[in-house]
Amino acid sequence: MRNAAKLEAQIRALLDSEQRRDDPLYLALEQLYRRYCDQREQIERLSWISDRYQAAMLQENRVLNARSEQQQRRLQKIARISDRYQEMQRELTRDLRTSATHDPLTGLPNRRLMLEQLQAAGQRRDTDFSLALLDVDHFKQINDAYGHDIGDQVLTRIAALLRSQLRSHDVCARWGGEEFLMLWPDLELSRAIEVAERIRLTMARTPFEIQGVQRTLTISIGVAGYRPDVDQDSADIIKRADFALYAAKRAGRNRTIAERSADDDLADRERTEI
Ligand SMILES: Nc1nc2c(ncn2[C@@H]2O[C@H](COP(=O)(O)OP(=O)(O)OP(=O)(O)O)[C@@H](O)[C@H]2O)c(=O)[nH]1
């Protein structure tokens with residue numbers, strides 16, 4: 001580059017020199033030099049244009065990259081929002097299902113869920129299962145003595161105690177006011193009576209502190225076992241547990257009474273007929 005500049009300076013000096021004007025090669029050299037200057041100018045212009053073009057391309061690339069990054073950030077944000085939305089939907093569905101199937105006071109399954117479970121148990125006709133209907137004795141006295149709110153708290157504690165007596169696959173539902181229904185899968189009637197008795201005794205021996213006073217409560221229980229031969233639907237076995245509970249109340253409360261079997265009824269009738 002330095003050589004080219006030196007050569008150019010020499011040529012200019014030659015062309016500027018007055019003595020060389022008459023030289024036969026002067027004109028040719030001058031034309032050659034002018035042509036060289038034009039070409040150099042063209043090359044400079046071309047490289048300027050190329051530089052500008054490259055700079056513009058670079059800038060455009062930067063803008064495109066920035067836009068693409070922004071777009072990616074937006075998409076990630078939308079994906080996060082959509083994930084959160086879906087999670088909320090799932091939670092909402094779970095909450096809706098829970099509130100439709102559980103009792104808000106005690107958190108126990110409600111009547112509807114119990115009926116679903118009973119239907120499922122009935123459909124598996126090969127299994128032995130039993131039911132127990134439990135009713136708190138003289139619960140009205142608690143409400144009358146301490147008010148409805150304390151009554152609610154006592155019901156919640158009773159529910160917790162009942163739940164603590166269950167195996168993981170048993171179900172205890174709040175059946176109505178102070179009435180609970182237990183479903184014991186794979187438990188035939190004789191074993192169910194033993195379990196019901198254990199629960200009844202646990203309740204009778206567990207004091208509840210109500211406004212600083214230790215009080216025990218008792219429950220009456222009616223137990224019934226599934227009879228695949230006669231039970232058309234869940235209403236049949238519930239009805240038998242209900243009759244048994246009624247009998248337990250009539251017999252003085254704080255006791256477990258099992259349903260009467262068809263054989264018992266027959267024996268009774270025969271006794272009456274004699
Ligand atoms: N605090 C409260 N009380 C309730 C609830 N549901 C029902 N009860 C009360 O439970 C009581 C049931 O009274 P009764 O049907 O006369 O029966 P009981 O006093 O338990 O007597 P027996 O069942 O015959 O032993 C009533 O006072 C109802 O108000 C509830 O969700 N909260």
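Bear in mind that the values here come from a model prediction, so they are computed numbers and not experimental data. One-based numbering, in listed order, for ligands and for the atoms of each.
F129 is linked by a ring-ring contact (aromatic ring centres under 6.0 Å, His included) to Y226, counting only residues two or more places apart in sequence or in another chain. Evaluation of the side-chain contact (heavy atoms from CB on, under 4.5 Å) rule for R52 yields W48 as partners, not counting sequence neighbours.
Using a 3.5 Å distance cut-off with no hydrogens or angles, the side chains of Q59 and R62 do pair a donor with an acceptor. A side-chain donor from one of R200 and N254 sits under 3.5 Å from a side-chain acceptor of the other.
A 4.5 Å side-chain heavy-atom check between D231 and R240 finds at least one atom pair inside the cut-off.
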Which atom pairs, one a donor and one an acceptor, fall under 3.5 Å between side chains of residues 139-149 and the rest of the protein, sequence neighbours left out?
unit_1 : atom_1 : unit_2 : atom_2 : d
K140   : NZ     : D144   : OD2    : 2.9

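Closer than 4.0 angstrom to ligand 1 by heavy atom are D135, V136, D137, H138, F139, K140, N143, H148, G151, D152, L155, R174, G177, E178, K249, R253, sorted by chain and number.
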